[in-house]
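Working notes, structure below.
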Amino acid sequence: MSETSSASPTGQPHENGQPGGGPEVYDFGTIQAKWLPVWQRMDPFRADRLAGDDPVAEPDPRERRYLLDMFPYPSGDLHMGHGEAYAFGDLVARYWFQKGYNVLHPIGWDAFGLPAENAAIRRNAHPAEWTYANIDTQAESFKRYGVSFDWSRRLQTCDPAYYRWTQWLFLRFYERGLAYRKASLVNWCPKDQTVLANEQVIAGNCERCGSAVTKRELTQWYFKITDYAQRLLDDMTLLEGSWPERVLTMQRNWIGRSEGAYVDFRIEGRDQPVTVFTTRPDTLFGATFFVVAADAKLAAEICTPEQREAFDTYLEQVKRETEIERLAADRPKTGVFLGVHAINPVNGERIPVYAADYVLADYGTGAIMAVPAQDQRDWDFAKAYDLPIVRTVQPPADFDGEAYVGEGPGINSANAEVSLNGLDVAEAKSRIIAWLDKKGLGKGAITFRLRDWLISRQRFWGCPIPIVHCAACGEVPVADEQLPVELPDLRGSDLAPQGTSPLAAAGEWVNVECPKCGGPARRDSDTMDTFVDSSWYYLRYCSPHYTEGPFDPEAVRRWMPVRQYVGGVEHAILHLLYSRFFVKVLHDMGAVDFTEPFSALLNQGQVINEGAAMSKTLGNGVDLGEQLATYGVDAIRLTMVFAGPPEDDIDWADLSPAGSLRFVQRAWRLAGDVTSEPGVDVAAGDVALRKVTHRTIKTFTEHVEAFKFNVGIARLMELTSAIRKAIDSGCGPADPAVREAVEALAVMLSVVTPYTAEDMWERLGHEPTVALAGWPAYDEGLAAAESVTAVVQIAGKLRDKFDVSPDVSEDELRDLALASQKVQAALGGREIRKLIVRAPKLVNIVPG
RNA sequence: GCGAGAGUGGCGGAAUGGCAGACGCGCCGGACUUAGGAUCCGGUGCCUUCGGGCGUGAGGGUUCGACUCCCUUCUCUCGCACCA
């Protein structure tokens, strides 16, 4: 990046500039080059800065606050999205520093992952080379961007010193039965040649490369997140109000709790009954056929020889379909009769059993009772295969749809022992569940959409799974003292996708003695999903150099939970759900004493350009480095933060970094105009300006607290204009109120535009760093308005306004309003029917 | 289809139920200038017969008073999507 003044629209000398703080040329390149090394020397953003060598024995006395930015993936240099996210996070962190909190604001890298492996194959190199080179680039960019990180806590998930503990945590999960292997149909990305978690399949495509995902039967490692489904759901009440509602909604939908019942159906010719799950047990009398997922084992098992050929043909057809085709809306229902019948347990009816692809093998039990009258999918299937339809819920008279899913009294629903007729849906449900339970035919049940988390990946650049497979002993965990199981030195073509992990081909690495029996054994050759690495990094930050465990329990107790988490909404279910799961497991292990990792979450919007996400194909990318070179760090940070509410997307084409640069220049020049000395008695200053200053401190603080940064900055702009006026045509540059105002402005600006603020601070005669100068206090008396504008409406329309004291009485205000010439004119002698007085702001007169 | 959110000037956006459009961009005018893509000052919702009238996607409602609350409707964005 070339930060030369020739490339930048920097200001020229301000002719009327007053002496006081050096030349009147604002050049961001010079200012950045001046302060960056000073800050690096000072290292002002260390957590526990005021603590002794042992922060537990001699603690930093200040209240602790943990601000966490989602750590970056080192895919190249920082981009515009990083610029925005870290500007918001840094604003909050710097505000906390100024307020005097002991702030933990760490940084690290989510450094395992596929892109490094692909780059290594292309360059015939080791993934670590590409990864660490990018990390160094990003670290330098972060420093130049002026982010208030505690660099002493930097971590990389690909460091053996980190992933040692990822493996250690895996073993603890394993001991608790929360990490297990099973064979099942899994999502397979044919391009990346690896399996994917359900969470990584987006609308049937690979989250990373976009390829259509297919299915494969494989034995893979899972984390038993389903054990925690209910708690993950319940604990969201703790996050209500401090997490974005849409993230909570997405997680609720993802967990997908369903209340209903399991019901057993006898299948003719089969000993064991088949259980189905239904949310509508009240409609059981309307079950007129039975459907098994075509790709479930049960379908093949119960199919009669007569139907075998038709079934095999159908199954082949289903398997050929991609996820995309499966998911297409309004696709006609297909299926095949399996030649057998099931018995409806409530009425003894023989109902035909079909295999179909609209029933999913991995949801519920992979089989359903079909109630066409009350379910549109079953209705469609019944119509296509000419199956009977029996209504068991009475639709309203005006109902003219097909399947009726609404409320209504039960009909056609009775046997010798139980009747649901006339009951509403809720009553009917509990009545039939009680009956099923009594007869041993079923029971009330809750199911979840959430599946166990598949963590195996057939990739090299990830955390090895610390398990050895022995023919005699089976799965044998690697002993804790043997950790980390380090990656071997594979590079280039060794890493090319072959459908199995590249590690499987590394003979020396993979062939080991069984830790238990000493016989020949093989290491597990898969690596863990990188989301495992990122599920606990925020804990590691609390004690990044700890060697006795993944984290020092005392450090975690002191810092956690994260007071404010900042990051993109793209992690709404993946990372955030997994991290919540991890903390609950750690809580159950007694390792932490809280149950939620992130008390508050801010999802910043995306930076887009010309109405679309930046992409190479659209050619609309905006390069952060170029923007910084043209406008400077402060102008770009200000532009990001001033653009609008943080959670909204911002379109770079709509914004004006040049305008932001103008503003920081205006503010900066004020510091050069101040002629009074530091420490001057501000109480003697111009009261009018002091009022503006104190009101601005008050409102800016409130806006920062409320994350309304754009509005807060508007107030700083107003303050800047007021100071300019005071200097040029008011109390003049020597008035103490001017110093008070500019000093407050510099400190407030330091949370957004740190370089400009630092330089202003020096020009005002202070030592660095402004970042720790302390948040300005405001005087309530000065901040309070001494007069407010009262408005007079007639029938809701504005007719007059005048200034009144904030504590004017209702009677006084009414009299003032009625005395107004304009009001009397507008009233035109009409009688007053009603008079509303809301002192001190408003009088509304309703004429007769 | 289900769920969540949003519709305000030319643009980004402000407004505890009480002055709609703060602040900024852009634009117009002025000052200073050899010059202005610098800086400073002023103006800028629409219409107007200069009295005022009309304005927050559309239509209703509650209220003395609605951008704000309620109902209906349209549009857009996001998420989920054959979940039984």
Side-chain angles (χ1 to χ4, degrees), chain A residues 9-17 24 202-204 244-254 256-258 260 276-280 283 291 293 326-331 333 356-360 362-371 374-378 380-381 447-450 569 572-573 638-639 642-645 647-660 662-663 665-666 669 708 710-718 720-721 724-725 728-729 789-801 825 833-838 841-847:
Chain A
T10 49
Q12 294 301 303
H14 177 50
E15 301 295 340
N16 299 323
E24 287 295 318
I202 311 298
E245 194 51 47
R246 65 170 170 159
V247 172
L248 297 176
T249 302
M250 284 165 73
Q251 292 211 357
R252 283 196 187 96
N253 291 342
W254 188 259
R257 185 180 193 273
S258 292
V276 302
F277 177 74
T278 176
T279 54
R280 292 294 301 275
T283 65
V291 188
R326 260 182 86 90
L327 294 172
D330 299 334
R331 161 168 176 276
K333 294 281 178 292
D357 67 349
Y358 82 93
V359 171
L360 309 176
D362 60 356
Y363 188 77
T365 62
I368 63 156
M369 65 180 213
V371 186
Q374 264 85 224
D375 183 289
Q376 189 61 43
R377 295 156 300 177
D378 296 343
D380 294 340
F381 193 86
T447 61
F448 295 91
R449 203 184 85 113
L450 184 70
V569 74
I573 33 191
L638 179 68
T639 303
F642 183 56
E647 55 279 5
D648 288 5
D649 286 352
I650 59 178
D651 191 332
W652 201 249
D654 292 336
L655 303 177
S656 174
S660 299
R662 273 200 293 276
F663 169 68
Q665 287 170 336
R666 242 189 337 261
R669 277 194 303 269
K708 296 170 104 170
N710 56 326
V711 187
I713 288 163
R715 298 291 91 86
L716 296 187
M717 289 172 170
E718 288 169 338
T720 301
S721 297
R724 180 83 264 154
K725 273 203 179 76
D728 291 348
S729 57
T789 305
V791 301
V792 185
Q793 300 176 334
I794 293 176
K797 292 209 182 300
L798 179 70
R799 295 301 171 179
D800 196 11
K801 50 179 157 182
R833 181 157 61 88
K834 197 162 186 178
L835 198 61
I836 290 95
V837 183
R838 291 283 178 275
K841 294 182 81 174
L842 173 127
V843 177
N844 190 14
I845 301 169
V846 184

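Atoms considered below: every heavy atom in the structure, side chains included; atoms not considered: hydrogens, waters and symmetry mates. Lettering of chains follows the sequences in order, A, B, ..., and the numbering in each one begins at 1.
Two residues, A:Ile845 and A:Val569, neighbour RNA chain B, and the one matched to the more 5' nucleotide by heavy-atom proximity is A:Ile845. In terms of position along RNA chain B, the nucleotide closest to A:Asp648 lies nearer the 5' end than the nucleotide closest to the other residue of the pair A:Asp648 and A:Ile368.
Each of B:G24, B:G79, B:C40 was ranked by its minimum atom distance to the side chain of A:Phe642; first place goes to B:G24. Relative to the side chain of A:Gln665, the nucleotides B:A81, B:A84, B:U39 differ in distance, and B:U39 lies closest. The side chain of A:Trp254 lies closest to B:A81 when the candidates are B:A81, B:G13, B:U39. When distances run from any side-chain atom of A:Arg662 to the nucleotides B:G26, B:A84, B:A81, the shortest one goes to B:G26. Of the candidates B:C23, B:G18, B:A81, B:G18 carries the atom nearest the A:Lys841 side chain, counting heavy atoms from C-beta on.
The base of B:C64 is paired with the side chain of A:Asn844 by a donor and an acceptor separated by under 3.5 Å. For A:Arg715 against B:A22, a side-chain-to-base donor-acceptor contact under 3.5 Å is present. A donor and an acceptor atom never sit less than 3.5 Å apart when one is taken from the side chain of A:Arg246 and the other from the base of B:G79. If you check distances only, the side chain of A:Glu245 never reaches the base of B:G5 with a donor-acceptor pair under 3.5 Å.
The distance from the CG atom of A:Asp654 to the OG1 atom of A:Thr639 is 12.5 Å, given to the nearest 0.5 Å. Between the OG1 atom in A:Thr283 and the CG atom in A:Asp375 there is a gap of 8.5 Å [rounded to 0.5 Å].
Protein atom CZ of A:Arg838 is 12 Å distant from nucleotide atom P of B:G65, rounded to whole Å. Per the geometry, CZ belonging to A:Arg252 stands 12 Å off C1' belonging to B:G3, to the nearest Å. If you measure from atom CG of A:Leu842 to atom C1' of B:U16, you get 15 Å, rounded to the nearest angstrom. For the pair A:Leu798 CG and B:G65 C1', the interatomic distance rounds to 12 Å; values are reported in whole Å. Remark: C1' of B:A38 and CZ of A:Phe663 are 18 Å apart, rounded to the nearest angstrom. Distance, A:Ile794 CD1 to B:C64 P: 18 Å, rounded to whole Å. Protein atom CD1 of A:Ile713 is 12 Å distant from nucleotide atom P of B:A14, rounded to whole Å. Put simply, CG on A:Asp651 is 15 Å from C1' on B:C76, counting in whole angstrom units.
Residues A:Ile845 and A:Leu835 share a closest heavy-atom pair of CG1-CD1, 3.4 Å. The minimum heavy-atom distance linking A:Gln251 with A:Ala572 is given by the pair NE2-O, 2.8 Å. The minimum heavy-atom distance between A:Phe448 and A:Tyr363, with the atom names listed, is O-CE1, 3.6 Å. Scanning both residues, A:Ala370 and A:Val291, for their nearest heavy atoms gives CB-CG2, 4.2 Å. Taking each heavy atom of A:Thr279 and A:Ser258 in turn, the nearest pair found is CG2-CB, 4.0 Å.
Neither OP1 nor OP2 of B:U39 sits under 4.0 Å from any side-chain N or O of A:Arg724. At the phosphate of B:G18, neither OP1 nor OP2 sits under 4.0 Å from any side-chain N or O atom of A:Gln793. Contact between the side-chain N/O atoms of A:Asn710 and the OP1/OP2 oxygens of B:A14 is found at a separation under 4.0 Å. For B:G12, neither phosphate oxygen OP1 nor OP2 lies less than 4.0 angstrom from any side-chain nitrogen or oxygen of A:Ser656. Taking 4.0 angstrom as the limit, A:Lys725 places none of its side-chain polar atoms (N or O) nearer than this to OP1 or OP2 of B:C40.
As judged by a 4.0 angstrom heavy-atom cut-off over every strand, A:Lys333 is placed among the base-contacting residues. Residue A:Arg666 is in sugar-phosphate contact alone, with no base atom involved, counting any heavy-atom pair closer than 4.0 Å across all strands shown. Among the heavy atoms of the strands lying under 4.0 Å from A:Lys834 are primed sugar atoms or P, OP1, OP2 only; no base atom is included. In this structure, A:Arg799 reaches the sugar-phosphate backbone alone: every heavy-atom distance under 4.0 Å involves primed, P, OP1 or OP2 atoms, never a base. Within 4.0 Å (heavy atoms only), A:Asp375 reaches no atom of the nucleic acid at all.
Here, B:U77 and B:U8 have their P atoms 14 Å apart, quoted to the whole Å. A gap of 37 Å separates the C1' atoms of B:U48 and B:G37, to the nearest Å. The gap from the P atom of B:C41 to that of B:C32 amounts to 15 Å, rounded to the nearest Å. Nucleotides B:C69 and B:U16 are separated by 14 Å at their C1' atoms, to the nearest Å. Atom P of B:G26 sits at a distance of 9 Å from the matching atom of B:A38, rounded to the whole Å.
Annotated stems with RNA chain B as a participant read B:1-7 with B:74-80, B:10-12 with B:23-25, B:26-31 with B:39-44, B:45-47 with B:52-54, B:57-61 with B:69-73, given as range with range, by first number; only runs of 3 or more Watson-Crick or G-U pairs under 3.5 Å qualify.
Cation-pi contact between A:Lys333 and A:Tyr358: present, with separation from the ring centre below 6.0 Å and deviation from the ring axis of at most 45°.
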